[in-house]
There are 2 protein chains.
Amino acid sequence: MATPTLKTISKATGFSVTTVSRALGGYDDVNEETRRAILDEARKQGYTPNLNARLLQKQRTQTIGLIMPATSPRLTDPFFNEFVAGIGSGAATAGYDLLLSTDMTDTTEMETYRRLVSRGRVDGMVLVRTRHNDPRIAYLLHTKLPFVVFGRTDAAHNFTYIDMDGVAAQRLLTQHFIEYGHRRIAYAAPPPHLMFADYRIQGYRAALEAHHLPFDADLLIAGALTERSGREIAHQLLSLAQPPTAIMTGNDLMAFGVMRTIQERGLRVGDDIAVGGFDDIPTAEHIHPGLTTIHQPIYATGQRLVTLLVQMMNGDASPPRAILLEPELIIRASSGSQRA
Amino acid sequence: MATPTLKTISKATGFSVTTVSRALGGYDDVNEETRRAILDEARKQGYTPNLNARLLQKQRTQTIGLIMPATSPRLTDPFFNEFVAGIGSGAATAGYDLLLSTDMTDTTEMETYRRLVSRGRVDGMVLVRTRHNDPRIAYLLHTKLPFVVFGRTDAAHNFTYIDMDGVAAQRLLTQHFIEYGHRRIAYAAPPPHLMFADYRIQGYRAALEAHHLPFDADLLIAGALTERSGREIAHQLLSLAQPPTAIMTGNDLMAFGVMRTIQERGLRVGDDIAVGGFDDIPTAEHIHPGLTTIHQPIYATGQRLVTLLVQMMNGDASPPRAILLEPELIIRASSGSQRA
DNA sequence: ACTATATCCCGAAACGTTTTGGAAAGTCAA
DNA sequence: TTGACTTTCCAAAACGTTTCGGGATATAGT
């Protein structure tokens, strides 16, 4: 049995392919009786339109692209879990599909982008984890493909994005530790090529300055956004002649590593060394002790981004929007108690 | 500037569309010089083939479909995180894209399947979380679309799947608690419509029987695979006239809920009530106390499934394969210490 | 000089859909 | 009876690619 197509229905009913198409498409220039006959036959054959053909004709794909940064062999960061879920949910309610790509190891990231974007695979893209002079943004800007971004970049902001206010966030967290009586607050910072590292560090230094605390370069160490990196940095920091009494990190995963190292060295997280993370992934609440961190509405942000993207894909030509998220500080036991 | 197509290259180089296509396609019936000229022009124009057109012609999509069960508004279970990552990685290395769909709330699951499968959107599908007489499997079997499954179903196993040996796994865990001296071991079981619930319960009962322990229907409560459900069931169990001394659950998320309830009631997890989970998601290691659980190689399984699927999509007509995973017991502090 | 054989190229059809620009037949108003 | 509308239908083109079946031209073999 041949796959049902417009042609097979056309043959079966005696109407032309055009009429079948228009009947199925709900146009009003087809007789009710005819339409019924065609719909019946379509149902009988189990017809469903061939997406590729339709999209080739319409030059649209009803698909949104998302490329996962190839940080590790397995993207173990729950951040992405939530983010993808948000995007997926937003896409689904808007009637779009989500095309998920992970960078292949043997090809460059830009190739992956080109492959997807190259006329036809997706109607729009979602970007995450912006970098300095992000080549992906330059490329997408150049191709005119609609896209939205979680994060900013340093160049002109002529694109739509949502970003956490990293300056305010890190300042908030640093202040919190200062108010808890800490003087030596270390920062296991995100890798410097990531755009948000800059903002976070700015916030860190601003809080120190505001409270007339000296900036100690020994206490600022950049690492990767992994638990392992957190462990390594903690070792370095705790081996200092004057170790810090509080350690903040680029994300919760790093914070977990820091906590583990502290505990392995026989110290207590909170009472001996306070720890602060970033993201508020689910585990942050469950780990012991609970992790003080900055809450990011990751899921909701994913949804919002898709909403914005869908507007753009539907031809809304309003100027790009820039949305800055206000940080929310979540205080848990890893802060320890207020000091003298 | 028009989008680069075969035609624009053809115009620019003076060769026919056919020749351009064949040059780009690497056929050997085109002069080296010609090929070079065409390749140069293609690069200059930034040509990339239009996927839809190519696929319409080839009747393939180079895309694998995966539909997320719409359990909750946000699929908070890290299980899916890992699984998707595994599938994505497998797909990428095989040169396939991953189309991720979440069920829309206002349409039935089967419609989502039909939409994807309907001639053209995907070349194959990955299924997860099988149910009794799973209609998705019946449907896919009927459409002849290649697919692989994480999990089994009760009917004839005429499809390729990988599954954890749930009987052995739950027996292993139950045995572990029995050996630790527990007599009243409760089971907060997965929802009964899920296929693996059967196997797990079988394993649970088998272990009891093997050690001549009575089966107490009060100690077997089915729930949802969420933390919240774990909390509720724990409350029920702890309010029993004869509460259990150990509680096993359908997945780690439920176990977290159980642990929290135990702690809220002023009891100690492990020493007072032992807890066992299932899946070994990352948090299971970080939570306090660490959670005894059954390790599932989720990521690797995703990859393996894709490998199998790709073989099938490439026309390998060998009979379906059934792979059963051996469980691995991970003992952590939530087991408490051996009892008298 | 004639045939056989490579080598290089191309026109046309096909994949399944949507859309454009009518055509044919019927209805209505004058 | 004629023109103007309506209603219902359709042929053909188009989207960008691959592939089938040759057609030229040059080279080699006799």
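All values below come from the heavy atoms of this structure, side chains included, with hydrogens, waters and symmetry mates left out. The sequence lines fix the lettering, A, B, ..., with proteins before strands; numbering per chain opens at 1.
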Under 4.0 Å protein heavy-atom contacts per nucleotide of nucleotides 7-13 of chain D, with B for base, S for backbone only and - for none: -BBBBB-

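- Between the side chains of A:Glu41 and A:Thr13, no donor N or O sits under 3.5 Å from an acceptor N or O.
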Enumerate donor-acceptor pairs with a distance under 3.5 Å from any side-chain N or O in residues 20-29 of chain A to protein atoms, sequence neighbours excluded.
from    : atom 1 : to      : atom 2 : distance (Å)
A:Arg22 : NE     : A:Asp29 : OD1    : 3.2
A:Arg22 : NE     : A:Asp29 : OD2    : 3.2

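- Legend: residues meeting side-chain contact (heavy atoms from CB on, under 4.5 Å) with B:Gln62, ordered by chain and number and at least two apart, are B:Arg60, B:Tyr96.
- A salt bridge is absent between A:Glu33 and A:Arg36; no separation between the charged side-chain nitrogens and carboxylate oxygens falls under 4.0 Å.
- At least one donor-acceptor pair closer than 3.5 Å links the side chain of A:Thr61 to the backbone N or O of A:Asp123.
- Within the 3.5 Å criterion, the main-chain N or O of B:Leu324 finds no donor-acceptor partner in the side chain of B:Asp163.
- Between the CZ atom of B:Arg54 and the C1' atom of D:dT19 there is a distance of 14 Å, rounded to whole Å.
- Comparing B:Tyr27 and B:Ala53 by the nucleotide of DNA chain D that holds the closest heavy atom to each, the one mapping nearer the 5' end is B:Ala53.
- With sequence neighbours excluded, the residues satisfying side-chain hydrogen bond (donor to acceptor under 3.5 Å, both in side chains) with B:His132 are B:Asp198.
- Checked against the 6.0 Å centroid criterion, the rings of A:Phe83 and A:Phe150 qualify as a close aromatic pair.
- Rounded to a whole Å, the CG atom of B:Asn52 is 15 Å from the C1' atom of D:dT18.
- Across all strands shown, A:Thr5 has heavy atoms under 4.0 Å from sugar-phosphate atoms exclusively, and none from any base.
- Of the N and O atoms on the side chains of B:Thr153 and B:Asp134, not one donor lies less than 3.5 Å from an acceptor on the other residue.
- Distance CG (B:Leu51) to P (D:dT18): 10 Å, rounded to an integer number of Å.
- On the nucleic acid side, DNA chain C has its first and last nucleotide under 4.0 Å of a heavy atom of chain A at C:dG16 to C:dT20, going 5' to 3'.
- Side-chain contact check for A:Arg121 and A:Ser101: no donor-acceptor pair (N or O, by modelled atom type) lies under 3.5 Å.
- One finds the CG atom of B:Leu100 at 9.5 Å from the CG atom of A:Leu66 (value rounded to the nearest 0.5 Å).
- Defining each end axis of the helix from C:dA1-D:dT30 to C:dA30-D:dT1 as the rotation carrying four pairs' C1' atoms onto the next four, with five pairs an end, the two axes are found to diverge by 60° to 10 degrees.
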